[in-house]
Number of protein chains: 2
Amino acid sequence: MSNAELHDLLEVCKALANPTRLQIMGWLRDPSDHFAPQADPMEEVGVCVKQIQEKAGISQSTASQFMSVLQRAGLVESTRIGQWTYYRRNQERIAALPGLLSASL
Amino acid sequence: MSNAELHDLLEVCKALANPTRLQIMGWLRDPSDHFAPQADPMEEVGVCVKQIQEKAGISQSTASQFMSVLQRAGLVESTRIGQWTYYRRNQERIAALPGLLSASL
DNA sequence: TTGAGGCATCGGAACATTCCGATATAGCGA
DNA sequence: TCGCTATATCGGAATGTTCCGATGCCTCAA
């Protein structure tokens, strides 16, 4: 129950304490089941902000902010390709969450 | 990724998205390491609100509210004995969290 | 070079959370 | 019964979150 772990877990909980952000994380698990095809392969690079915005029914600025929150919490990572920013799950970090829970909670 | 599970996970995240509440959950893991002896055995019934209040350095009303939030999220359960309300971890529910994560997140 | 599309950031209005003191209820002991 | 202690709940001020439109930057194609 180190202090750093506790802080990490807190940031994760804060990031997920919003219904839309929680939903987005679920959609990103199987991107091709939830989003339309795009310029680059979503299974590799992730999904662009515009698609997430449309799917979630939120404004462009809110979508961008939400993805930043999820990224700062370590739950997603991003790749910039041309004019698009693709977001995908940080699977290593997510896989480590149960351990973080049992260590800190 | 049922809707009910998603809602449960959201409530858990909201409950834990506060540094003091997160800390309290940790303290309740090994109560006798963090709280002074009390009228009833804390390993069985849990810890009374007053002790949590003092340990966390918050007001009585805030302590009571915080424990209600944790209880509504299913993270703790309570027993009333005489003039005390003892709170303890809902270990079954907590043990189910990793599964809830992998199912909903 | 210019215009259009995608994204990030800023500023702010609406809403929610935090956290307190005051007050109400109930158990306990004198 | 009366006062003391523990807890819950109420009302509200301060603070944080949510979410938007406006704006600016960057990339691509014409």
Side-chain angles (χ1 to χ4, degrees), chain A residues 7 10-25 28 31 35-42 45-73 75-88, chain B residues 7 10-25 28 31 35-42 45-73 75-88:
Chain A
H7 182 262
L10 178 62
E11 291 310 306
V12 167
C13 289
K14 284 164 77 172
L16 296 178
N18 170 287
T20 305
R21 285 196 297 262
L22 193 54
Q23 245 182 340
I24 291 172
M25 289 304 299
L28 289 182
F35 299 97
Q38 60 186 15
D40 294 277
M42 64 178 61
V45 297
V47 180
C48 74
V49 176
K50 182 126 214 296
Q51 296 229 52
I52 295 168
Q53 173 210 333
E54 287 173 351
K55 175 87 178 174
I58 56 184
S59 74
Q60 186 272 318
S61 59
T62 300
S64 181
Q65 271 184 168
F66 276 13
M67 297 318 294
S68 290
V69 170
L70 290 174
Q71 187 167 34
R72 272 196 298 276
L75 292 167
V76 301
E77 44 195 0
S78 66
T79 305
R80 179 100 200 199
I81 299 182
Q83 53 192 146
W84 294 285
T85 304
Y86 296 108
Y87 286 93
R88 63 193 171 280
Chain B
H7 182 262
L10 179 62
E11 291 309 306
V12 168
C13 289
K14 285 164 77 173
L16 297 179
N18 172 287
T20 306
R21 285 196 297 264
L22 193 54
Q23 243 181 342
I24 291 172
M25 289 303 299
L28 289 180
F35 299 98
Q38 58 184 16
D40 294 277
M42 63 178 62
V45 298
V47 181
C48 74
V49 176
K50 182 127 215 294
Q51 297 230 52
I52 295 169
Q53 175 212 330
E54 288 173 351
K55 175 87 179 172
I58 56 182
S59 73
Q60 186 273 319
S61 58
T62 299
S64 182
Q65 272 183 165
F66 276 12
M67 298 318 294
S68 290
V69 170
L70 290 172
Q71 187 168 33
R72 272 196 299 276
L75 292 167
V76 301
E77 42 194 1
S78 67
T79 306
R80 178 101 203 196
I81 298 181
Q83 51 191 147
W84 295 283
T85 303
Y86 296 107
Y87 286 93
R88 62 193 172 280

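Naming convention: chains lettered A, B, ... in sequence-line order (proteins, then strands); numbering from 1 in each chain. Keep in mind the model is a prediction, meaning the values are calculated, not measured.
Remark: P of C/dA24 and CD of B/Q60 are 15 Å apart, rounded to the nearest angstrom. Atom CG of B/D40 is separated from atom P of D/dA6 by 13 Å (rounded to the nearest Å). The interatomic distance linking B/L10 (CG) with C/dA16 (P) rounds to 14 Å, in whole Å. Across the protein-nucleic acid pair, B/I52 atom CD1 and D/dA6 atom P stand 14 Å apart, rounded to whole Å. For A/Q71 and C/dC7, the CD to P distance is 14 Å, given to the nearest whole Å. Rounded to an integer number of Å, the gap from B/Q23 CD to C/dC19 P is 12 Å. Per the geometry, CD belonging to B/Q51 stands 14 Å off C1' belonging to D/dT7, to the nearest Å. If you measure from atom CE of B/M67 to atom C1' of D/dT9, you get 17 Å, rounded to the nearest angstrom.
In the set D/dT17, D/dA6, D/dT7, the nucleotide with an atom closest to the side chain of A/K14 is D/dT17. With C/dT9, D/dT7, D/dT18 as the choices, the nucleotide that has an atom nearest any side-chain atom of A/R21 turns out to be D/dT18. Here the nucleotide nearest the side chain of A/W84, chosen from C/dC20, D/dT7, C/dG6, is C/dG6. Across D/dA8, C/dC7, C/dC20, the shortest atom-to-atom separation from the side chain of B/V49 is found for D/dA8.
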- Query: Would B/V69 and B/K14 satisfy side-chain contact (heavy atoms from CB on, under 4.5 Å), going step by step from the backbone distance to the final call?
  - Reply: CA-CA 9 Å; B/V69 170; B/K14 285 164 77 173; over 6 Å; no
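In this model, the phosphate group of D/dC19 is not approached by any side-chain N or O of A/T62 to a distance below 4.0 Å at OP1 or OP2. For C/dA16, neither phosphate oxygen OP1 nor OP2 lies less than 4.0 angstrom from any side-chain nitrogen or oxygen of A/N18.
Although no hydrogens or angles enter the test, the distance criterion places a donor-acceptor pair under 3.5 Å between the side chain of B/R88 and the main chain of B/V45. With hydrogens and angles ignored, the 3.5 Å screen pairs no side-chain donor or acceptor of B/R21 with any backbone N or O of B/Q23.
With hydrogens and angles left out, the side chain of B/Q83 and the base of D/dT5 share a donor-acceptor pair within 3.5 Å. Contact annotation: side chain of B/S61 to base of C/dG21, donor-acceptor pair present below 3.5 Å. For C/dA8, the base has no donor-acceptor partner in the side chain of A/Q65 [N/O atoms by modelled type, under 3.5 angstrom].
Residue-level contact check: A/T85 touches the backbone only, with heavy atoms under 4.0 Å from sugar-phosphate atoms and none from bases. Using a 4.0 Å heavy-atom distance criterion, A/Y87 is classed as a sugar-phosphate-only contact.
With a 4.5 Å cut-off on side-chain heavy atoms, A/K55 and A/I24 do not count as touching. Considering only heavy atoms from C-beta on, A/M42 comes within 4.5 Å of A/Q51 through its side chain.
Atoms CG and CE, on A/L75 and A/M67 in that order, are 9.5 Å from each other to the nearest 0.5 Å.
Take the nearest nucleotide of DNA chain D for A/A17 and for A/R80: the residue whose nucleotide is more 5' is A/A17. Where A/G82 and A/I58 meet DNA chain D, the nucleotide closest to each residue was compared, and A/I58 sits on the side nearer the 5' end.
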